[in-house]
Amino acid sequence: MNQDELKKAVGVKSVDFIESNSVIGLGTGSTVYYMIEELGKRYQNGDIKNIVGVATSSRSQKQAESLGIPMKDLNDVDHIDLTIDGADQIDKNFQGIKGGGAAHLLEKMVATNSHKNIWIVDQSKMADELGSFPLPTEVIPFGCEKTFSDLKAENLHPEFRLDENGKRVLTHNKNYVIDLKMGSIKHPHLLADWLDHQVGIVAHGLFLDLVNKVVVGYDDGPKVIECR
């Protein structure tokens, strides 16, 4: 199977874990697109009933609404039963990097308010350790050059993320993205703790000790891995 077929296979498979009468966090990205499409089909034909979605991006919100899935804001639900989202890289300990789509702040807010989390990826996203995929940070524009200098001083190899016109990418919250192109992250928990304490960084893309299941797309079909 090609990469799109792998993504579709895991997206469809992940909907098997969505139950009726539940609040579902809807992630963001090309793999999640297929999950939302499948969820919309099962909701429309009555296989899954009485659900509410909480989106992590305007893209997922619009897609779900177009399929008739009832949606609410995170502020308007008292819990989330399950969130299904993609990941940009997952290591052998099932720690992850997210934020390739610059939605990691909203994704992290939804994920940390969920009872359970499932990540859906194709086999290319699995790695022994994190870091070959750049680690995104979301930073406020005010003082961002100072934040950049601090990251550079720590030898974290920061680069502002630019769009196709060479302008700085803006997140949903109108912040900038600085990617840390480290190549290897030996101690993700230590790095996450340091980044958490840097004023000006709103969120980083290290998602640690969060995921319960990973659905991985392989050529011979999706594989479900229990993580914790």
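These numbers were taken from a predicted model, which means no experiment stands behind them.
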Stepwise side chain to side chain donor-acceptor pair (under 3.5 Å) check, Asp4 with Asn2: CA-CA 6 Å; Asp4 283 341; Asn2 63 35; 5.7 Å; no
What side-chain donor-acceptor pairs closer than 3.5 Å can you find for residues 146-153, not counting sequence neighbours?
residue, atom, partner, partner atom, Å
Lys146, NZ, Asp150, OD1, 2.8
Lys146, NZ, Asp150, OD2, 3.3
Thr147, OG1, Gly143, O, 3.4
Ser149, OG, Glu145, O, 3.0

How many angstroms lie between atom [atom1] of [X] and atom [atom2] of [Y], to the nearest 0.5 angstrom?
X      : Y      : atom1 : atom2 : value
Asp193 : His187 : CG    : NE2   : 13.5 Å
Ile24  : Ile69  : CD1   : CD1   : 10.0 Å
Ile80  : Ser22  : CD1   : OG    : 11.0 Å

With side chains defined as the heavy atoms from C-beta onward, is the minimum distance between [X] and [Y] less than 4.5 Å?
X      : Y      : answer
Val139 : Val177 : no
Phe17  : Ile118 : yes
Val224 : Lys13  : yes
Leu135 : Leu206 : yes
Thr31  : Asp85  : no
Arg161 : Leu170 : no
Ile120 : Val214 : no
Glu154 : Trp194 : yes

Distance-only donor-acceptor check, side chains [X] and [Y], under 3.5 Å:
X      : Y      : answer
Asn50  : Asn21  : yes
Asn175 : Asn173 : no
His204 : Asp196 : yes

Parallel, tilted or perpendicular: rings of His79 and His115 (30°, 60°):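 Parallel: the ring planes of His115 and His79 meet at under 30°.
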Pairs satisfying salt bridge (Lys or Arg N to Asp or Glu O under 4.0 Å), at least one member in residues 104-118, at least two apart: Lys98-Glu107
Hydrophobic cluster membership, Ile51 vs Met71, 4.5 Å side-chain cutoff: yes
Same apolar cluster (I L V M F W Y, side chains within < 4.5 Å links), Val52/Tyr43: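 Cluster IDs for Val52 and Tyr43 differ.
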Taking every non-hydrogen atom, the tightest pair across Gln123 and Tyr218: OE1-CD2, 3.1 Å
Does the pair [X]/[Y] count as a salt bridge with the N-to-O cut at 4.0 Å?
X      : Y      : answer
Glu37  : Lys41  : no
Glu129 : Lys186 : yes
Lys8   : Asp122 : no

Gln95/Asp209 under side chain to side chain donor-acceptor pair (under 3.5 Å): CA gap, chis, key distance, verdict: CA-CA 6 Å; Gln95 311 297 355; Asp209 306 320; 2.8 Å; yes
